[in-house]
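The block underneath contains the structure these notes are about, expressed in C-alpha cells.
Note that ligands are numbered from 1 as they come in the structure, with each ligand's atoms numbered from 1 the same way.
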Amino acid sequence: MLSYAETYQRRQPLRSRLMPLALTAVGLTAGLVSSQAMAVDSATLRLGHALHEDHVVARAYRHLADELEQRSDGSMQLRIFPNGQMGSTQDMMGQMQNGALDLVHASASNLESFDDVYSVFNLPYLFESQADFNEVVFGPIGEEIMQATRDKGFFAIGAYVAGYRSFYASKPIRTPADLEDMKIRVQSSPTTIRMIELMGGSPTPVAFSEVYSALQQGVVDGAENNVPSYVQTRHAELAQYFSEDQHTSVPDFLTVSTATWNRLDDEQQEILQKAVEDSEAYQKDLWDEVDQQSRQQAEEMGAEFVEVDKAAFQEAVQPLYEEYRENTGHAELLERIRDTEQEADQPQE
Ligand code: GCU
C-alpha cells in the first residue's frame with residue numbers, strides 16, 4: 001500500500017504533463033498569441049471560502065498564501081475572504097464565474113451541482129481505506145475529474161483530505177431505523193440527499209455556516225460530518241452523540257477560474273500549482289494531527305462516540321449504486337476506481 005507521500009510524489013509527473021497542455025489551450029484561444037505576452041507583473045488572486053478560520057483547510061489556504069508570496073518573491077499574493085464573507089459556496093462559485101473571485105473552496109458535494117462528474121465522491125462507502133482514497137483522489141482519476149470542468153469556466157487545482165463523515169444528533173443513531181422522522185442537515189448534493197432518503201431520514205440542505213443555529217433552533221435534528229468539523233464548529237455542544245457509521249469520505253477541492261488561469265503566464269501558473277501542492281501536503285499532515293486531537297476535544301465537550309451497525313447502513317444504500325451505474329460513464333468510472341483500489345491493495349514487490 002502506498003503512503004500519502006508516495007502517492008503524492010507519483011502525482012507530480014502527471015501534473016507536469018498537464019501543464020504544457022493547458023498552455024497549448026491558452027495559445028489557441030488567444031489566437032496563438034504567446035501566453036507570455038499576456039503576463040501580468042504582479043497578481044493578487046482572490047480566494048473565497050465558507051469555512052471557519054480554524055478549519056484545517058482554511059489553515060492550508062493561509063499556508064498557500066505564504067507559499068505563493070515566497071515562491072514569487074512577493075509578485076503574487078493571495079487575498080483570502082474567509083467565513084462565508086462573500087456568501088455561500090454556491091454564491092462564490094457564481095462570483096468566480098463572473099470574475100469577482102479567482103479561487104473558491106468547495107467540497108465535492110458542492111461541486112456535484114456544477115458538474116455531475118463530482119457525484120462519484122459522494123457515493124457512500126466508496127473507499128475502503130484512507131490509502132484507497134489517496135490513490136484515487138490524488139492519482140490519475142482524481143486529476144481527470146479535477147480537469148473535467150475547464151470548459152465550464154473553472155477547474156480544481158488542489159484536493160484536500162476530509163476523513164470520514166458520520167451522523168451526530170442528540171440521540172444515538174445505531175441503525176437506519178433510528179433515522180426515521182429525523183431531519184438531517186446535508187450539503188446540497190443530490191447523491192447525499194438520495195443516500196439519506198434510502199437510509200430512512202429526511203435530508204435537509206443547509207449552508208455549513210448555518211448548521212449551528214439550525215441545530216439549536218430545531219430546524220434539523222442532526223447533521224453529518226467528520227470529527228474535526230464536528231468539534232471546530234462546536235456542533236458537539238448541541239448534538240452529543242457522534243454515531244460512527246462513516247458513510248462517506250468526501251474530498252475538498254480548491255477551484256480556480258479558467259479565465260484567471262489563462263491570464264497567468266507560464267511561470268505564474270507553475271508557481272501557483274507548486275504552492276497549491278505544498279498546501280495539500282501541509283493539510284494532509286495537519287489533518288492527521290487535528291483528527292486525533294479532535295476526538296479528545298469532542299469528549300471534553302461532552303460528546304460520546306457511538307458504535308453502530310455499519311453493515312445495516314451499507315445495505316440500505318445499495319440501490320444508490322444500482323441507480324448510479326445506470327449511466328454508462330458512471331459505471332465505467334466506478335469500475336476504474338475499483339481497479340485502482342485493487343491494485344493499491346496488492347502487496348508491493
Ligand atoms: C467539511 C468540509 C467542508 C464542507 C463541510 C460541510 O468541513 O471540509 O468543505 O463545507 O464539511 O459539511 O459543509
**Prompt:** Is the CD atom of Glu323 crowded by more than 12 outside heavy atoms at less than 6.0 Å?
**Reply:** yes
**Prompt:** Step by step, would you call His105 with Tyr61 a ring pair (Phe, Tyr, Trp, His ring centres under 6.0 Å)?
**Reply:** CA-CA 9 Å; His105 164 88; Tyr61 293 147; 5.7 Å; yes
**Prompt:** Looking at Tyr160 versus Phe253, is the centre-to-centre ring distance below 6.0 Å?
**Reply:** no
**Message:** Tell me the nearest of Glu210, Gln187, Arg165 to atom 11 (O) of ligand 1, using heavy-atom distances.
**Reply:** Arg165
**Request:** Could you check which of Ser229, Pro251, Ala58, Ser189 puts a non-hydrogen atom nearest to atom 7 (O) of ligand 1?
**Result:** Ser229
**Item:** atom 13 (O) of ligand 1: nearest protein contact (heavy atom, Å)
**Value:** Arg185 NH2, 3.0 Å
**Message:** Evaluate Asn110 for polar contact with ligand 1, using N/O atom pairs at a separation under 3.5 Å.
**Reply:** no
**Message:** With a heavy-atom distance limit of 4.0 Å, tell me whether Asn225 approaches ligand 1 through its side chain, its backbone, both, or neither.
**Reply:** side chain
**Complete:** The protein heavy atom nearest to atom 3 (C) of ligand 1 is Asp252 OD1, 3.6 Å
**side chain to side chain donor-acceptor pair (under 3.5 Å): pairs with one or both residues in residues 82-92, sequence neighbours excluded** = Ser88-Asp91, Gln90-Ser113
**Item:** Proximal atoms of ligand 1 relative to Ser107 (non-hydrogen, under 4.0 Å)
**Value:** 9 (O)
**Asked** Is it the case that Gln318 and Gln314 place a side-chain donor and acceptor less than 3.5 Å from each other?
**Response** no
**Complete:** So side chain to side chain donor-acceptor pair (under 3.5 Å) across residues 168-178, not counting sequence neighbours, yields Tyr168-His235
**Asked** At a 4.0 Å threshold, what atoms of ligand 1 neighbour a non-hydrogen atom of His55?
**Response** 1 (C), 2 (C), 7 (O), 8 (O)
